[in-house]
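Naming convention: chains lettered A, B, ... in sequence-line order (proteins, then strands); numbering from 1 in each chain.
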Amino acid sequence: MQYSIEIRNRFIQKQKTNTLLYTPLKSRGAYEQTRRYTINYSGNKKALKNFVREVLVDEVSEVVSSSLSPAMQNFQFYIDVSLKPGTLNLEKEYILNYYQQLQAPDFELQECTIAQRTYIKSESESGDLLPEPFIRDMVNPVIHTWNIQYGTSRTS
Amino acid sequence: MEKWITAILLKFPGTNCDEETERALQSVGFKTEIWPFTLVEPTRIKNVDLIVLAGGFSYGDYIMAGKLAQLNIQQKLQNSLNEFCHQGGFLLGICNGFQILMRLGLLPQGSLISNTTHRFMCQWVELNNKAQQSPFLKGLPSSFELPIAHAEGRLVTQAPKQAETYLKEGNVTLTYTQNINGSAYSIAGMQDASGQVFGLMPHPERFLYKEHHYDPDWAGDSEWGWGYYFFKGIYDHIEAM
């Protein structure tokens, strides 16, 4: 079975897209980032959900969406960036290590995929933003995999 | 036989301010040890006077700063730490240590998140001393300077007014004179109701000697920086108990 969640910080405001890039773009845009975890598991779903909330979420500052649809609206596109399978992923290692130390967790955590999701929103009248500059500057193709999804606010 | 006042520093993978914090503790008289967290036995903390969580990037700051250290402490030490505080022990968290104490629930509820600048900030700041009765702050003036070095030092609370309550109830120990990171009510340090658990974002161990100050003509003290008086305050307090 698979369980996915997307976590965003409710206090962090959108920022200018040019802060993500080495070469500024003429078109103005904003971005917001979330963390997306996809977990393959077997066993008690409630126990898994409790584990996820305890380990991955800060209840004071973060909000969680477990819907399959994106947590944000009105974006032009988003980019999910993950470490390639086989790359040393310390965040995943620490999560699995913590899981392995639990006594009788009542579920089996089989796989955990972590992605940083960056929503890009155009704020310019001169045209849309394209994903290529963001891929070039945010992704290291040696260690990362990435995925682009376009949203409803795309105009071209 | 001479009774030593002891402080231990818990070291997680990524903790990197433990040695200079140890040096600061030793300079005021503490007998110290640095304990790698994997080797910590819950029973060993019973005979310690002060437990210090030093600055750094525990577990690479993955998920959120201090989150994985919090989980590992909860799993291994939570009951012993509660008992330690109940028996009158002192617990200090500096920077990343403050983030861990906050997540452990040993300080009033809140969270330390990314600065509003979205940048790692490394600079000197001026602080207001809001708790001059605190053992940690009683040797310090009403305002003084310390260095900061953090990316996640902005204190937020579940409800907007909660931080104001902490200020009124004496949980807030330090505030920035200029709100550099967007922290609610400019909060830079907190304590629990007993005053035994104390956390702060600035680094007192980085201003141990007067020569550490950016101004070579700084004349606040002939030998020591304000950080020395921070650690001396808690040492003197424990010694007098």
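Residue contact with chain B, scored on non-hydrogen atoms closer than 4.5 Å, involves the backbone and the side chain of A:Val55 alike. With a 4.5 Å cut-off on non-hydrogen atoms, B:Leu71 touches chain A through its backbone and its side chain both. Within the 4.5 angstrom heavy-atom criterion, only side-chain atoms of B:Ile113, from C-beta onward, approach chain A. Using a 4.5 Å cut-off between heavy atoms, B:Thr116 does not touch chain A at all. For chain B, no part of A:Ile114 is nearby; none of its heavy atoms comes within less than 4.5 Å. Contact of A:Glu93 with chain B is not made at all, since no heavy-atom distance falls under 4.5 Å.
Inspection of the A:Asp58 and A:Ser61 side chains reveals an N or O donor paired with an N or O acceptor under 3.5 Å. No donor-acceptor contact under 3.5 angstrom links the side chains of B:Arg154 and B:Ser114, judged on distance only. A side-chain donor from one of A:Glu91 and A:Tyr37 sits under 3.5 Å from a side-chain acceptor of the other.
Interface summary for chain A: among B:Gly60, B:Ala159, B:Gly182, B:Ser111, the most heavy-atom pairs under 4.5 angstrom belong to B:Ser111. Of the listed residues B:Lys67, B:Gln75, B:Met64, the one with more heavy-atom pairs under 4.5 angstrom with chain A than any other is B:Gln75.
In this structure, A:Phe51 has its ring center at least 6.0 angstrom away from the ring center of A:Tyr3.
For B:Cys17 against B:Arg206, the heavy-atom pair with the smallest separation is SG-NH2, 3.4 Å.
Ion pairing of A:Glu111 with A:Lys92 is present here, as a side-chain N (NZ or NE/NH1/NH2) and a carboxylate O approach within less than 4.0 Å.
Remark: side-chain polar atoms of B:Asn115 are not paired, donor with acceptor, to backbone N or O of B:Thr117 under 3.5 angstrom. Judged purely by atom type and a 3.5 angstrom limit, B:Asn129 uses its side chain to pair as donor or acceptor with the backbone of B:Leu137.
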Might you work through the side chain to side chain contact (heavy atoms under 4.5 Å, CB included) test for B:Leu91 and B:Gln196, ending with a clear yes or no?
CA-CA 6 Å; B:Leu91 198 47; B:Gln196 292 166 239; over 6 Å; no

Show the numbers, then the answer: is there a side chain to side chain contact (heavy atoms under 4.5 Å, CB included) between A:Ile135 and A:Val81?
CA-CA 9 Å; A:Ile135 298 296; A:Val81 180; over 6 Å; no

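Near-neighbour residues of residues 6-25 of chain A relative to chain B, defined by a heavy atom under 4.5 Å from a heavy atom of that chain, comprise A:Asn9, A:Arg10, A:Phe11, A:Ile12, A:Gln13, A:Gln15.
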